[in-house]
Amino acid sequence: MVRDTLTADRIVRAAIELLDEEGLDGLNMRSLAARLGSAATAVYWHIKTKDELVRLASDAVWLEVERPDLDATDWRTAAAAQATAMHAMLTRHPWLGQAFGSHLMHGPGQARFDDLSLAVYEKAGFTPADADRAAATVFIFVLGSALGPAAEVSLKRRLGKNGADAEQRMADAMAQAAEVAEAYPRLRARLGTVSAAQYTAAPDDSFAFGLRAILDGFEARLAAEE
């Protein structure tokens, strides 16, 4: 009977919620079935393995990235909008960045994103090969920029599960890092302007700064080739 009430889409949506709350380590068929009010065996009727479930959940969240209208805007505005939307999606789902290093992922959601990326940079004037390189450059930058917040979420979760005061442990580590930094002149100067907690984090607007720098570089390269 349960097999008739469950669908793959419903299972994937529940898996995304569980991944957001518990991370990759917290996802298993038993806990997912409990969330669905079902039996683990019923989940297996639709999705056979945890790896397949992660792949489907990963592909589904790519559909959250809003698509800029290339017919209504210039390439740079579209590129910035797509990259910013990707960064926001990765921040909402911090487990996805980790999944890149542990799971094989593919599907129509990510393919749609990748195809639009190529269209953006071809519109800019890059050859297809260079559009591929430009898209990869921005993708890697956005993914790397989101790893810091994702790692912090994962670390707090792990420390909390070990019965530790996660916030206090992290505050102590930040203070120790700041103490070490005092021996280095440029780091010491930076500590004079920020707190210990801020010192261990990326400076404000780092993502926007880096994205502008990359797109500035693309524009300069295109101008030089004219």
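- A salt bridge is defined here as a Lys NZ or Arg NE, NH1 or NH2 lying under 4.0 Å from an Asp or Glu carboxylate O, and R35 with E21 meets this definition.
- Atom CG of L211 sits about 12.5 Å away from atom OG of S206, to the nearest 0.5 Å.
- Both I214 and M86 are members of a single hydrophobic cluster when ILVMFWY side chains are connected at heavy-atom separations under 4.5 Å.
- Nearest heavy atoms, L24 versus W95: CD1-O, 4.0 Å.
- The backbone N or O of Q110 lies less than 3.5 Å from a partner atom in the side chain of D59, making a donor-acceptor pair.
- In this structure, R221 places its CZ atom where only 12 or fewer heavy-atom neighbours from other residues, nucleotides or ligands lie under 6.0 Å away.
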Any chance you could lay out the side chain to side chain contact (heavy atoms under 4.5 Å, CB included) test for M89 and L96, step after step, and finish with the verdict? CA-CA 9 Å; M89 181 273 288; L96 181 56; 3.6 Å; yes
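- Going from atom CZ of R92 over to atom CD1 of I16 covers 11.0 Å, rounded to the nearest 0.5 Å.
- The local environment of CZ in F209 is sparse, with at most 12 non-hydrogen atoms from other residues, nucleotides or ligands closer than 6.0 Å.
- The closest side-chain donor-acceptor pair between D20 and H93 falls under 3.5 angstrom.
- The existence of a salt bridge linking R13 and E17 is excluded, since no basic side-chain nitrogen approaches an acidic carboxylate oxygen closer than 4.0 Å.
- In this pair, W62 and F139 present their aromatic rings parallel. The plane angle is below 30°, not in the 30 to 60° band.
- The minimum heavy-atom distance between T73 and D69, with the atom names listed, is CG2-O, 3.1 Å.
- Distance check: M29 CE to T41 OG1 gives 11.5 Å after rounding to the nearest 0.5 Å.
- Closest of all the heavy-atom pairs between V12 and A60 is CG1-CB, 4.0 Å.
- Follow the hydrophobic side-chain contacts under 4.5 Å out from L90 and you reach L116 in the same cluster.
- The shortest non-hydrogen separation linking V120 to A78 is CG2-CB, 4.3 Å.
- Connection of L63 to L19 is not established within any shared hydrophobic cluster, with ILVMFWY side chains joined at heavy-atom distances below 4.5 Å, either directly or through further cluster members.
- With hydrogens and angles disregarded, a donor-acceptor distance shorter than 3.5 Å links the side chain of S145 to the backbone of F141.
- L222 contributes atom CG, which lies 6.0 Å from atom CH2 of W75 (distance to the nearest 0.5 angstrom).
- In the hydrophobic clustering of ILVMFWY residues, with side-chain heavy atoms under 4.5 Å counting as a link, M105 and I11 come out together.
- The OH atom of Y44 sits 14.0 Å away from the CG atom of L6 when rounded to the nearest 0.5 Å.
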Check the pair L53 / L32 against side chain to side chain contact (heavy atoms under 4.5 Å, CB included), numbers first and verdict last. CA-CA 11 Å; L53 183 58; L32 178 61; 3.4 Å; yes
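- Using cut-offs of 30° and 60° for the angle between ring planes, the H87 and F207 rings count as parallel.
- Between R10 atom CZ and S38 atom OG the span is 7.5 Å, to the nearest 0.5 Å.
- L70 is connected to F126 through a chain of hydrophobic side-chain contacts under 4.5 Å among Ile, Leu, Val, Met, Phe, Trp and Tyr, so both are in one cluster.
- Donor-acceptor pairing under 3.5 Å is lacking for the side chains of S117 and D114.
- A donor-acceptor pair under 3.5 Å is absent between the side-chain atoms of E122 and the main chain of D132, judged by distance alone.
- The main-chain N or O of N28 is found under 3.5 Å from a side-chain atom of S31 such that the two form a donor-acceptor pair.
- A donor-acceptor pair under 3.5 Å is formed between the side chain of R55 and the backbone N or O of H106.
- For K123 (side chain) and A119 (main-chain N/O), no donor-acceptor pair under 3.5 Å exists by modelled atom type.
- The 12-atom threshold is not exceeded at CD of E179, counting heavy atoms of other residues, nucleotides or ligands nearer than 6.0 Å.
- With a 4.5 Å cut-off on side-chain heavy atoms, F113 and Q82 count as touching.
- A salt bridge links D216 to R76: one of the charged nitrogens lies within less than 4.0 Å of a carboxylate oxygen.
- Within the 4.5 Å cutoff, side-chain heavy atoms of L36 are placed close to those of V43.
- A salt bridge links D130 to R133: at least one charged side-chain nitrogen sits closer than 4.0 Å to a carboxylate oxygen.
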